[in-house]
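Reviewing the structure listed below.
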Amino acid sequence: MRQPYRPHRPHLPCRSTCSASGATGGPGCGTATWNSPSPKLLRSRGTPQIAAGAAARAALLTELLPRGVEPHLGVLLDNTPEFSLWLGAAALAGAAVAGINPTRRGPGLARDILHTACRVLVTGRVHLPLLDGLELPGVRVLVTGTEEYERLLAPYEGAKPGEATLGPVSPASRFLLYFTSGSTGAPKAAICSQGRLAAAGEALVSQFGTGRDDVHYICMPMFHGNAVIANWAPALAAGATVALRDRFSASGFLDDVRAYGAPYFTYVGRAIQYVLATPERADDREHGLRIGFGTEAGAVDADRFARRFGVRLVEGYGSSEGGAAIQRPGSWGLCP
């Protein structure tokens with residue numbers, strides 16, 4: 001039975017999404033793509049088209065998920081527009097997304113999908129071989145970019161946000177199931193609610209001052225909380241554009257942020273090391289990048305990054321469960 005829809009801020013998907021992978025979306029998807037060896041930013045300005053793409057997927061999801069089970073879906077994708085649209089779909093429908101790590105293999109991958117009680121798994125052709133031979137009882141697999149996928153979405157092309165829900169949707173609704181690193185055992189899925197995601201997004205917008213005319217460059221994998229909570233969510237709160245790099249590229253980093261005019265990105269320490277390992281160029285400071293937010297860069301690497309690129313790295317750490325957050329003194333500009 002469909003429930004009355006009471007919108008709150010995190011329900012609206014991002015204003016526009018750009019893809020560095022050349023991927024395109026299905027019905028109602030207002031995504032932009034490039035196919036040039038020299039990437040350039042192509043923006044789609046239509047919020048209604050983006051919202052329609054998420055609404056169509058939300059309507060499909062409400063039909064596919066069995067009643068009486070946890071409303072969980074797994075997303076096994078690179079950073080493509082489809083990942084963003086399924087995040088929006090889950091928010092609209094009142095479901096939770098489990099980001100599935102494509103570096104996992106065999107029983108470990110199957111365990112992640114079943115551990116989070118996913119009844120629907122969204123993936124793409126590139127990752128289909130990972131599922132060969134896996135026992136995934138009760139899991140419906142959707143493969144983006146296929147005729148069958150487009151056929152499934154077609155009946156819902158005219159769906160409106162809020163028309164199809166799995167139950168009451170509120171800030172307390174479960175939204176993300178994101179895995180820990182698994183350093184002390186098998187990875188565990190930490191829970192993030194819609195309200196927590198919205199609060200994180202609004203806090204980061206307030207802290208860093210990004211706005212509607214800005215571009216958030218997402219190069220960290222969206223199956224991890226770094227990309228979604230610290231980058232996608234503040235873009236959502238600000239109504240900004242999201243630029244997606246399908247997979248992180250150190251050699252393409254500077255060209256991407258320059259082409260997009262992106263002022264903001266998120267990182268992990270190893271990614272910063274990879275960028276610093278690229279050959280220095282005379283135009284290393286010719287870009288609009290202002291701030292990077294992440295963790296584990298280290299003081300030495302952060303200083304090197306600032307000196308070379310003129311970009312301040314802000315270090316923060318928050319537990320996956322959301323119970324604690326730590327900031328490095330001085331990285332916010334509050335200490336000498």
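Computed from heavy atoms alone, side chains included, the values below leave out hydrogens, waters and symmetry copies. From a predicted model like this one, the values you see are computed outputs, not experimental measurements.
- Expressed to the nearest 0.5 Å, how far CD1 of I218 lies from NE2 of H216 amounts to 8.5 Å.
- Interatomic distance, F83 CZ to L77 CG, rounded to the nearest 0.5 Å: 6.5 Å.
- Applying the side-chain hydrogen bond (donor to acceptor under 3.5 Å, both in side chains) test to pairs two or more places apart or on separate chains, those with a residue in residues 118-145 are D78-H127.
- Looking only at side-chain heavy atoms (C-beta outward), R290 and F208 stay at 4.5 Å or farther from each other.
- Contact of the R258 side chain with the D283 side chain is registered, since non-hydrogen atoms from C-beta on lie closer than 4.5 Å.
- With a 4.5 Å cut-off on side-chain heavy atoms, L254 and T278 do not count as touching.
- Here the straight-line distance linking atom OG1 of T116 with atom NE2 of H72 works out to 8.0 Å at 0.5 Å rounding.
- Annotation: side chain of D301 is in contact with side chain of Q273 (closest heavy-atom distance under 4.5 Å).
- Counting only heavy atoms from C-beta outward, the side chains of C192 and I229 approach each other to under 4.5 Å.
- With no hydrogens or angles considered, a side-chain donor-acceptor pair links Y267 and E315 at under 3.5 Å.
- A salt bridge is absent between E286 and R281; no separation between the charged side-chain nitrogens and carboxylate oxygens falls under 4.0 Å.
- Using cut-offs of 30° and 60° on the angle between ring planes, the pair Y149 and W86 is tilted.
- With S84 contributing its side chain and P81 its backbone, the two residues share no donor-acceptor pair below 3.5 Å.
- No donor-acceptor pair closer than 3.5 Å links the side chain of R104 to the backbone N or O of I100.
- Here CE of M222 is found 6.5 Å from OH of Y178. Values are rounded to the nearest 0.5 Å.
- No continuous path of hydrophobic side-chain contacts links L76 to V126 [ILVMFWY only; heavy atoms under 4.5 Å].
- Distance check, rounded to the nearest 0.5 Å: CZ of R247 to CZ of R245 gives 11.5 Å.
- Atom CZ of R307 sits in a sparse spot, with 12 or fewer heavy atoms from other residues, nucleotides or ligands closer than 6.0 Å.
- Under the 4.5 Å side-chain heavy-atom criterion for ILVMFWY residues, a single connected hydrophobic cluster contains both L109 and L121.
- Of all heavy-atom pairs between H224 and F179, the closest is CD2-O, 4.4 Å.
- Side-chain atoms of R67 come within 3.5 Å of backbone N or O of L65 as a donor-acceptor pair.
- The aromatic rings of F248 and F253 sit tilted, their planes meeting at an angle between 30° and 60°.
- In terms of hydrophobic clustering, with Ile, Leu, Val, Met, Phe, Trp and Tyr side chains grouped at heavy-atom distances under 4.5 Å, V205 and L197 are assigned to different clusters.
- Across all their heavy atoms, L177 and I191 have their closest contact at CD2-CG1, 3.8 Å.
- V268 has its side chain within reach of N226: a pair of non-hydrogen atoms, C-beta onward, lies under 4.5 Å apart.
- The closest side-chain donor-acceptor pair between Y264 and N231, if any, does not fall under 3.5 angstrom.
- Closest approach of A59 and A159 over heavy atoms only: CB-CB, 4.2 Å.
- Among the candidates L92, T165, L166, the single residue satisfying the side chain to side chain contact (heavy atoms under 4.5 Å, CB included) test with T62 is L166.
- Heavy-atom minimum distance, P71 versus G94: CG-O, 3.9 Å.
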E70/R174 under salt bridge (charged side-chain N to carboxylate O under 4.0 Å, His left out): CA gap, chis, key distance, verdict: CA-CA 10 Å; E70 294 289 355; R174 186 180 300 171; 3.5 Å; yes
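- A distance-only check finds a donor-acceptor pair linking the side chain of E163 to the backbone of K160 [under 3.5 Å].
- Residues V215 and M220 share a single hydrophobic cluster, defined by chaining ILVMFWY side chains whose heavy atoms lie under 4.5 Å apart.
- No donor-acceptor pair closer than 3.5 Å links the side chain of H287 to the backbone N or O of V257.
- When every heavy atom of A95 is checked against every heavy atom of L73, the shortest pair comes out as CB-CD2, 4.0 Å.
- Between the R308 side chain and the D284 main chain, no donor and acceptor come within less than 3.5 Å of each other.
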Full working for salt bridge (charged side-chain N to carboxylate O under 4.0 Å, His left out) between R270 and E296: CA-CA 8 Å; R270 185 61 60 88; E296 298 180 345; over 6 Å; no
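- Between A238 and T210, the shortest heavy-atom distance links the atoms CB-O, 3.9 Å.
- When atom types are taken as modelled, the side chain of D303 and the backbone of V300 share no donor-acceptor pair closer than 3.5 angstrom.
- When side chains are defined from C-beta on, E280 does not count as touching F309, because their heavy atoms never get closer than 4.5 Å.
- Taking hydrophobic clusters as Ile, Leu, Val, Met, Phe, Trp and Tyr residues chained together by side-chain heavy-atom distances below 4.5 Å, F223 does not share a cluster with L130.
- One N or O on the side chain of Q194 and one on the backbone of A91 form a donor-acceptor pair closer than 3.5 Å.
- Looking only at distances, a side-chain donor or acceptor of R105 sits under 3.5 Å from a matching main-chain atom of P102.
- Counting heavy atoms from C-beta outward, T241 and R212 have side chains that stay 4.5 Å or more apart.
- Between the side chain of D246 and the backbone N or O of N79, no donor-acceptor pair lies under 3.5 Å.
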